[in-house]
Amino acid sequence: MNVREKIAKRVAQMLQNGDVVNLGIGLPTLVANYIPENIEVTLQSENGFVGMGPDPLNGQTDLDTVNASGLPATIMTGGSYFDSATSFGMIRGGHVDATILGAHQVDQEGNLANWKLPGKPVYGMGGAMDLVAGAKRVIIAMEHTVKGEPKIKQKCTYPLTAKRAVNTIVTDKCIFEITPGGMVLIELASGVTVDDVREITEADFFLHKDLKNGQE
Amino acid sequence: MNVREKIAKRVAQMLQNGDVVNLGIGLPTLVANYIPENIEVTLQSENGFVGMGPDPLNGQTDLDTVNASGLPATIMTGGSYFDSATSFGMIRGGHVDATILGAHQVDQEGNLANWKLPGKPVYGMGGAMDLVAGAKRVIIAMEHTVKGEPKIKQKCTYPLTAKRAVNTIVTDKCIFEITPGGMVLIELASGVTVDDVREITEADFFLHKDLKNGQE
Amino acid sequence: MSKIVSLDEALSHVIDETSVMIPGFMGAGTPDKLVEGLIAKGVKDLCLICTDTAFPGVGVGKLIERDMIKKVMVSHIGTNPETGRRMNQGLMEVDLIPQGTLAERIRSAGAGLGGFLTPTGVGTVVEEGKRKIVVNGKEYLLEEPLKAEVALLRGTKVDKKGNIWYNAATRNFNPLMAMAAKTVIVEACELVEVGEIDPNNVMTPGIFVDYIVKGDA
Amino acid sequence: MSKIVSLDEALSHVIDETSVMIPGFMGAGTPDKLVEGLIAKGVKDLCLICTDTAFPGVGVGKLIERDMIKKVMVSHIGTNPETGRRMNQGLMEVDLIPQGTLAERIRSAGAGLGGFLTPTGVGTVVEEGKRKIVVNGKEYLLEEPLKAEVALLRGTKVDKKGNIWYNAATRNFNPLMAMAAKTVIVEACELVEVGEIDPNNVMTPGIFVDYIVKGDA
């Protein structure tokens, strides 16, 4: 299991039975592969359906069923389709229990920057701004640093996707919860120390009184 | 044909082929019986469908299909059902070509009072305020006077349903169009003179240069 | 984790003073068994949000004529004289809302909006106490979202995951209320297996529904 | 008064500088024959309103790579590098709108609202130039309705009155755009007789549709 898969697996363990979850592009997509077998999670695809299933087998492509990246997808029995206003009503209205997204930067106030990099081609925010404004819980799943640079900041410097929107950050090194009182370290990955985290985190954070050590 | 039927028939003749029309309770309902055979008009029922058909025959009652008064109704082939937000989106968004309503009072500025009578039991505005705010054309179909009292005023004194909303008034005596320049008499019913109309109309009005005389 | 529960279990979420949304147009689309259940339970001081108060003895009209409702938020009460009588005697508060505005306020709550601008009611008593906002030279009223603690729905066909299909004019406020309440209970006229409703034709996705009660039909 | 017309007749409503809404999610739900028709006609300086600019050679992507678009109002352009290139070279204006806000602005226009309040974009560049309104202590952006002169839709099944049923994820912006444009043209993948679509399952009522063009499928 590589680093990205480890992060995805840890995020999957945070989900609850019955949750409706929206997975962003990239690493978050991998979360679907690690959902514990004893819980049922419904995946929401913001282009217009709930109950997204596994990727279709080769040659079973239904051109009308695509995911939010425009790639062939499947729907599970019990899923349903709807239009884009309903889809984003579902998202904005708090009917999605968790949205899992990557990030360029997150800061200790929960501000998120994940749609635009200075000096890089512009992609557009797509549905990301609605997802982080509306989902009950916003989980950022990402590698702790990029090219050695900390991505968890005191204050985001890139253009924001949303203010005070992030609830949880899951990286290959640790897990932070963002609370009104500040950012709290709640779990360390196996073999990682608090000092290790301090070294690669620009943000200030507290230690949870029951700080956990992750399992290998 | 009684007075109310005559009014309904005249209103029906004003409709165009392809129009989507909402009929209010009471006299306006009668309009459906007089739609010319050479045009196709689609009736909208604000509780959630288009393509309303004639009243069901006795014993053919489908409890799930009711009109806006809660009475048994039918749907024509090619009609469709929708929810209340879509229904009023249709109405407010100008997709209904004409709404035909009764009135307690209308004034020369096109203000309308048809939902509340001082000193009488309160009914509620139902969908009337949305209909007059949104329909492309608001046609008032009513008897010219009530107990000898003029209903067409210089200024409405009863609580308003909407301001500057009425386009056309069709009564048993005549037809007025309300224009930005004022109220214009465009047609007289058979045997009615301009002086007759003056006597029973409190509002000021102009005569159209091509004032028509109605046929018996 | 089945959503199918008994009537009592479902209605345990409605207690005195709960705000309850009940769909229906003069009774069509109203969940009769759930309404009867509320009467049997004898809850009181409810805040009821509905289209109209139907007729005496019909739909939510049955709740009006008993001493169960403290306040009703509604667009039309003319077909049930009992509503007006209780209002005039000060036994019940009646908040009259234009029907399209009522529908949109409920949708707005369910869709996470802070409200919307409507031309409906400008220049009438409806504008009292509301902010007026001009967009492109036209005046609108700012109407705020309307949510409730519980919504009681009626589905013609409901599958065991709570996916709902409504027949004909019974749809009305059902899909809107399904998104605007904290707890959503549906009365299933016909309870079907998951997969029996074409996913394209589901009108209320099951994710909005918390509990299913089998109807009597 | 048949709504069924030829491709040329339908597209006579799109001329240079027309504002055109085209649904589709990375091409899924986009009316390909109508898009090809626009290319063959060679109109230019269009204002295009769409979800994304798809991929090169796919859906509305085909319009982007030709010199047909003056301005695009869209939520995502990352899958089509040509959009960014043209934007950076000043050949095309790109107005980026959060996807949920885009959907709701179109719905708002179709539903006759003056706009709506959304939490999306508060505290970001999206709020620039917009009014902020506080409701119940929470800050929202006032977003205004977005309409167009023409909407080009894709219906999986369309009856001769223009009633539309969409399959799977092709629905997306289709039903919203159907209400928000002055002239609405639908490409019918399958053209069926009136009555073949259950009136309960119609997703876009035919009264919103002006013209039907038979698809190639």
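All chains are named by letter (A, B, ...) in the order of the sequence lines, taking the proteins before the strands, and each is independently numbered beginning at 1.
Residue Ser45(A) does not touch chain D at all, counting heavy-atom pairs closer than 4.5 Å. Contacts between Ile77(D) and chain A at a heavy-atom distance below 4.5 Å involve backbone atoms as well as side-chain atoms. For Thr161(A), the part lying under 4.5 angstrom from a heavy atom of chain D is the backbone only. Heavy atoms of Ala162(A) lying under 4.5 Å from chain D belong exclusively to its backbone. Only the side chain of Phe55(D) comes within contact range of chain A, judged by heavy atoms closer than 4.5 Å. Looking at Val126(D), the atoms closer than 4.5 Å to chain A (heavy atoms on both sides) all sit in the side chain, from C-beta outward. Interface residue Arg154(D): only side-chain heavy atoms are found under 4.5 Å from chain A. Proximity to chain A (any heavy atom under 4.5 Å) is shown, for Thr79(D), by neither the backbone nor the side chain.
From Thr51(D), atom OG1 reaches atom CD of Glu46(A) across 11.0 Å, with rounding to the nearest 0.5 Å. One distance of note links OG of Ser87(A) with CZ of Phe25(D); it measures 8.0 Å at 0.5 Å rounding. The structure places NE2 of His76(D) at 10.5 Å from CH2 of Trp115(A), a figure rounded to the nearest 0.5 Å.
By the 4.5 Å heavy-atom criterion applied to side chains, Asn174(D) and Asp83(A) are not counted as neighbours. Between Tyr123(A) and Asp52(D), every side-chain heavy-atom pair lies at or beyond the 4.5 Å cut-off. Residues Met87(D) and Val122(A) meet the side-chain proximity criterion, which asks for heavy atoms closer than 4.5 Å.
In this structure, the side chain of Arg171(D) engages the main chain of Tyr81(A) through a donor-acceptor pair within 3.5 Å.
Side-chain contact check for Asp64(A) and Asn167(D): at least one donor-acceptor pair (N or O, by modelled atom type) lies under 3.5 Å. Ser84(A) and Asn172(D) form no side-chain donor-acceptor contact under 3.5 Å, judged by distance and modelled atom types alone.
Atom CD of Glu40(A) has 12 or fewer neighbouring heavy atoms from other residues, nucleotides or ligands inside a 6.0 Å radius. Applying the 6.0 Å contact sphere to CD of Glu199(A) captures no more than 12 heavy atoms from other residues, nucleotides or ligands. No more than 12 heavy atoms of other residues, nucleotides or ligands sit less than 6.0 Å from atom NZ of Lys157(D). The environment of NZ in Lys151(A) is crowded: more than 12 heavy-atom neighbours from other residues, nucleotides or ligands sit within 6.0 Å. Other residues, nucleotides and ligands contribute over 12 non-hydrogen atoms within 6.0 Å of the NZ atom of Lys130(D). At most 12 non-hydrogen atoms from other residues, nucleotides or ligands lie less than 6.0 angstrom from NZ of Lys147(D). Lys132(D) NZ: more than 12 foreign heavy atoms inside a 6.0 Å radius. By the 6.0 Å contact criterion, NZ on Lys33(D) is enclosed, its count of non-hydrogen atoms from other residues, nucleotides or ligands being greater than 12.
Interface summary for chain D: among Pro121(A), Gly70(A), Ala68(A), the most heavy-atom pairs under 4.5 angstrom belong to Ala68(A). In terms of non-hydrogen atom pairs under 4.5 Å with chain A, the most contact-rich of Gly84(D), Pro119(D), Gly24(D), Gly121(D) is Pro119(D). Per-residue heavy-atom pair counts under 4.5 Å with chain A were compared for Ala168(D), Ala103(D), Ala169(D), Gly78(D), and the maximum is reached by Ala168(D). Per-residue counts of heavy-atom pairs under 4.5 Å with chain A were compared for Gly123(D), Pro81(D), Gly29(D); the largest is that of Gly123(D). Top candidate by heavy-atom pairs under 4.5 Å with chain D, chosen from Gly127(A), Ala85(A), Gly48(A), is Ala85(A).
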Val122(D) and Lys163(A): CA distance, side-chain angles, deciding distance, side-chain contact (heavy atoms from CB on, under 4.5 Å) verdict: CA-CA 7 Å; Val122(D) 171; Lys163(A) 282 183 83 166; 5.7 Å; no
List, one per line, each side-chain donor-acceptor pair under 3.5 Å for residues 91-100 of chain D, sequence neighbours excluded.
| from | atom 1 | to | atom 2 | distance (Å) |
| --- | --- | --- | --- | --- |
| Gln99(D) | NE2 | Ser75(D) | OG | 2.9 |

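Arg92(A) and Thr101(D) get closest at one heavy-atom pair: NH2-N, 4.4 Å.
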